[in-house]
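Report on the structure given below.
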Amino acid sequence: MCAAAAASAIVLGTSCSKSQHENPFMKPYETEYQIPPFEQIQIGDYMPAFEAGIAEANAKIDSIVANPDAPTFENTIEPLSCLSPTLERVMSVLMALVEADSTPELTEVSEQIMPKYTAFSDEMMMNQELFKRVQTVYNNIDTVNQPLDERRAIEDTYRQFERNGATLPADKQAQLKKVNSTLTELYLKFNKNLLAANNAFEIVVDDKAKLSGIPQTTIDNAATEAETRGKKGKWVFTLHAPSRLAVLQYADNRDLREAMWKGYTSNATQGENDNRPVINQIVKARAEKARILGYKDFAAYMTADKMARTPEAAEALLLKVWEPAKAKVKEEVAEMQALSDAAGNNFKIAPWDYYYFAEKVRQKKYAMDEAAIRPYFAVDSVRKGIFEMANRLYGITFEEMPDAPRYHKDVKVYDVKDADGKHLAVFMTDYYTRPSKRQGAWMEELKTSWINKDGSVERPIIYNVCNYAPPTGDTPALLSIDDVQTTFHEFGHALHGMLSRARLRSQSGTSVDRDFVEFPSQFHEHWAFQPELLKSYAHHYKTGELIPDSLVAQINAASKHNMGFTTAELSSAALLDLNWGHLMPEGDIDVLAFEKSVADKLGMPEELTFRYRSPYFKHIFGDEGYASGYYTYIWAEVLDADAFELFKEKGVFDAESAAKLKKVLESGGSEDPMVLYKNFRGHLPESDALLRQRGLK
């Protein structure tokens with residue numbers, strides 16, 4: 001979509017005008033399906049295109065304000081979704097690459113552009129003449145026979161202006177602009193520190209005996225990493241998930257596990273990459289923002305426009321999950337301690353032992369060895385699995401586009417066809433870890449979808465990014481069970497974007513309440529290990545053998561294994577996030593002491609910690625996307641657990657249920673999410689389904 005107003009940024013879109021500048025951002029892309037011509041983009045193209053886009057956007061705003069006709073949806077609300085095609089093009093690529101394939105030069109450009117972008121957003125949201133027109137349309141909403149999607153767009157636009165300072169007096173607006181500018185700079189600094197800290201950390205091993213228990217593929221990757229870092233003949237382990245988790249889960253050497261755990265949980269707390277001072281400043285600035293906008297704290301501000309409505313409602317759900325999870329952790333630790341004692345160890349289970357002994361318990365209880373399972377989940381096989389799931393549920397197909405533009409050699413591009421054979425979307429996958437990519441996994445779009453006035457349709461460009469260990473030698477990337485689930489999770493987000501049929505740009509795909517956005521992603525995880533689907537994609541990468549029924553049975557029998565730990569990690573991190581949002585500090589905060597106070601209040605078992613410690617909790621301190629909103633993963637799981645019980649009853653590929661679910665995905669933000677859910681499921685979600693799903697009830 002072309003640039004559209006949003007709460008603290010601009011929702012972006014696609015082409016509306018032409019220019020003959022050689023800068024690729026300055027005219028509509030001539031590539032197939034308008035994929036950005038990445039190979040033509042130079043670092044010097046970003047700033048000129050950004051400045052031209054801002055000028056276009058401001059001119060469009062001026063034309064809306066100057067319109068002599070009475071304000072309507074058509075002449076006021078709708079134009080805000082298409083302010084500048086140039087701005088859309090440059091910002092969508094910049095924000096994609098600075099996360100997935102950054103360079104020092106690109107980081108420097110983003111540090112120049114993002115404060116200007118924030119200032120532009122603030123100026124628009126606090127433009128009194130523009131807001132008067134928006135307010136007039138909003139006040140007249142009941143006097144016009146407005147379609148439901150337009151009515152929601154009017155309400156959402158008014159709420160965005162209101163939440164971003166449009167109703168404040170001039171002096172308060174000036175204060176808010178200053179705070180927003182400060183926060184933008186702090187988020188950039190937090191992310192820059194975190195990427196640098198991740199890449200700087202290493203554990204160097206020069207004694208092969210210390211590698212006992214670690215999978216050979218991980219050892220091979222560690223040798224490659226060592227050579228890359230000028231330490232040929234040794235092994236280097238890093239904080240990137242494939243390296244870190246393999247050490248914690250499989251290394252027999254306890255000192256190595258402890259070094260990895262302590263390195264990870266102290267990440268971004270040292271030297272010039274220490275994020276604790278940055279967090280202090282972020283929390284203070286957020287508290288000031290909440291004061292200016294009239295909220296009791298930042299958590300109240302961030303939840304006010306979500307399904308939860310209040311942080312207290314979110315906390316109530318989290319505590320309902322936290323308590324049984326905590327009790328389950330005690331059971332899990334007791335099992336692990338017994339196993340450790342029987343092996344002749346004379347130590348008490350510590351946090352760096354949890355993954356390792358949880359794996360030992362899993363092997364003993366379920367006779368499951370993940371090293372024997374990985375060969376059936378080569379990355380290309382798993383990608384085939386997600387495509388097969390989408391085909392059987394929704395009738396869509398994927399055709400690789402080997403000559404399509406891509407921003408990195410590891411990216412694969414696909415032409416997605418609907419059941420009728422027509423183009424539905426472009427889908428990209430970027431699965432391997434590298435120093436230029438931030439940690440984690442995510443879905444985003446380079447172009448959204450909408451329906452033009454003449455009935456013609458614009459289709460989206462969607463991409464998934466993950467951080468899996470790359471292939472080594474003749475061995476392809478082999479995914480863990482968690483990796484497979486992550487692939488299905490992010491693909492669920494991608495389906496939400498690809499299947500969207502929302503008419504309005506601002507309501508396309510994942511443009512839904514934050515509480516609802518994780519529903520499609522978590523829901524599609526359920527198909528990863530369904531026997532019916534595994535038969536189509538889980539083949540041994542060497543022999544082509546289908547995964548044996550015995551392994552499938554083991555995977556599914558062990559699906560609730562260690563769920564106390566997993567749930568406690570997640571829910572405690574969400575509660576930590578909300579506690580940060582409640583702070584209204586005057587002086588400095590001892591970040592680690594504050595974390596401990598939250599852990600003590602919760603009664604955190606000593607064998608574990610938060611899923612993310614604050615200095616590397618990018619979800620909540622890298623921007624405002626999930627700030628005081630990390631709870632939404634649990635909130636959405638209430639929906640996905642309840643929803644999947646329908647498929648368990650009817651069949652995992654039941655056509656009628658899939659057709660109903662497809663309508664939810666197609667609707668985007670054009671309808672209230674709870675109405676969509678009820679239309680699909682037939683009733684409101686039942687929270688007990690979540691506890692059943694996680695084996696906690």
Side-chain angles (χ1 to χ4, degrees), residues 1-13 46-47 49-65 76-77 79-84 86-88 90-92 94-95 109-135 138 156-191 281-295 298 301-302 304-305 506 621-625 627-628:
M1 70 184 87
C2 299
S8 59
I10 307 295
V11 177
L12 298 169
Y46 287 95
M47 185 58 78
F50 172 76
E51 291 174 342
I54 291 293
E56 285 180 10
N58 282 326
K60 189 66 170 285
I61 291 169
D62 290 344
S63 71
I64 296 171
V65 170
T76 299
I77 306 299
L80 289 174
S81 69
C82 190
L83 289 174
S84 168
T86 307
L87 188 60
E88 181 280 329
V90 67
M91 291 306 297
S92 64
L94 175 65
M95 291 191 289
V109 167
S110 71
E111 289 173 345
Q112 295 170 6
I113 284 179
M114 291 310 297
K116 296 176 184 290
Y117 192 48
T118 298
F120 163 73
S121 179
D122 282 342
E123 288 296 328
M124 180 179 69
M125 286 296 182
M126 299 181 204
N127 183 319
Q128 290 304 292
E129 294 305 312
L130 180 61
F131 177 60
K132 285 178 184 176
R133 292 186 65 88
V134 171
Q135 189 173 41
Y138 176 76
D156 288 344
T157 302
Y158 177 80
R159 191 179 304 117
Q160 289 164 9
F161 273 84
E162 185 180 48
R163 285 177 56 78
N164 285 276
T167 59
L168 295 175
D171 62 328
K172 295 289 187 183
Q173 288 187 344
Q175 293 174 29
L176 183 58
K177 289 176 184 177
K178 185 176 179 180
V179 169
N180 285 340
S181 177
T182 297
L183 283 169
T184 297
E185 293 175 0
L186 291 170
Y187 297 148
L188 287 167
K189 187 173 183 181
F190 182 95
N191 292 326
Q281 295 175 71
I282 288 173
V283 173
K284 289 176 185 176
R286 286 176 171 176
E288 180 62 18
K289 183 171 182 173
R291 286 191 195 97
I292 293 169
L293 289 165
Y295 290 86
F298 187 73
Y301 167 69
M302 290 300 290
D305 65 338
S506 61
F621 290 122
D623 56 38
E624 290 183 11
S628 293

Just do the side-chain contact (heavy atoms from CB on, under 4.5 Å) check on Lys60 and Ser63 with the steps written out, would you?
-> CA-CA 5 Å; Lys60 189 66 170 285; Ser63 71; 4.0 Å; yes

Counting heavy atoms not belonging to Lys177, are there more than 12 under 6.0 Å from its NZ?
-> yes

Would you please classify the geometry between the Tyr117 ring and the Phe50 ring as parallel, tilted or perpendicular, with 30° and 60° separating the classes?
-> perpendicular

After noting the C-alpha distance and the side-chain angles of Phe298 and Glu624, does the key distance pass the side-chain contact (heavy atoms from CB on, under 4.5 Å) rule?
-> CA-CA 11 Å; Phe298 187 73; Glu624 290 183 11; 4.1 Å; yes

So do the side chains of Glu288 and Gln175 get within less than 4.5 Å of each other, counting heavy atoms only?
-> yes

Quick one: does Gln128's side chain get under 4.5 Å of Gln135's, heavy atoms only?
-> no

Is there a donor-acceptor pair closer than 3.5 Å between any side-chain N or O of Asn191 and the backbone N or O of Gly622?
-> yes

Crowding at OH, Tyr138 (>12 non-hydrogen neighbours, <6.0 Å) | no

How about Tyr46 and Gln112: does a side-chain donor come under 3.5 Å of a side-chain acceptor?
-> no

Here the gap from Lys189 atom NZ to Thr184 atom OG1, rounded to the nearest 0.5 Å, amounts to 14.5 Å

For the residue pair Arg286 and Phe621, establish whether any side-chain heavy-atom pair is separated by less than 4.5 Å.
-> yes

If every non-hydrogen atom of Ile64 is compared with every non-hydrogen atom of Pro79, which pair is closest and at what distance?
-> CD1-CB, 3.6 Å

Is any side-chain N of the basic residue among Arg159 and Asp305 closer than 4.0 Å to the acidic one's carboxylate O?
-> no

Looking only at heavy atoms, the pair that brings Tyr158 and Val134 closest together is CA-CG1, 3.9 Å

Below 4.5 Å, heavy atoms only, C-beta onward: do Leu83 and Glu56 meet side chain to side chain?
-> no

Straight-line distance of Lys289 NZ to Leu176 CG, nearest 0.5 Å = 6.0 Å

One should read off an interatomic distance between Gln160 CD and Met125 CE, to the nearest 0.5 angstrom, of 5.0 Å

With rounding to the nearest 0.5 Å, note down the distance linking CD1 in Ile54 to CE in Met91.
-> 8.0 Å

Do Met126 and Leu168 touch side chain to side chain, with heavy atoms closer than 4.5 Å?
-> no

Once you round to the nearest 0.5 Å, how far does CD of Gln173 lie from CG of Asn164?
-> 11.0 Å

What is the minimum heavy-atom distance between Val179 and Ala285, and which atoms define it?
-> CG1-O, 3.3 Å

Is there a donor-acceptor pair under 3.5 Å between the side chain of Thr86 and the backbone N or O of Gly53?
-> no

Is any side-chain heavy atom of Phe120 less than 4.5 Å from a side-chain heavy atom of Leu87?
-> yes

Side-chain contact test, heavy atoms from C-beta onward, threshold under 4.5 Å: evaluate it for Phe161 versus Leu80 and give yes or no.
-> yes

Roughly how far, to the nearest 0.5 Å, is the CG atom of Asp171 from the CD1 atom of Ile292?
-> 9.5 Å

Answer whether the closest heavy-atom distance between the side chains of Ser110 and Leu188 falls below 4.5 Å.
-> yes

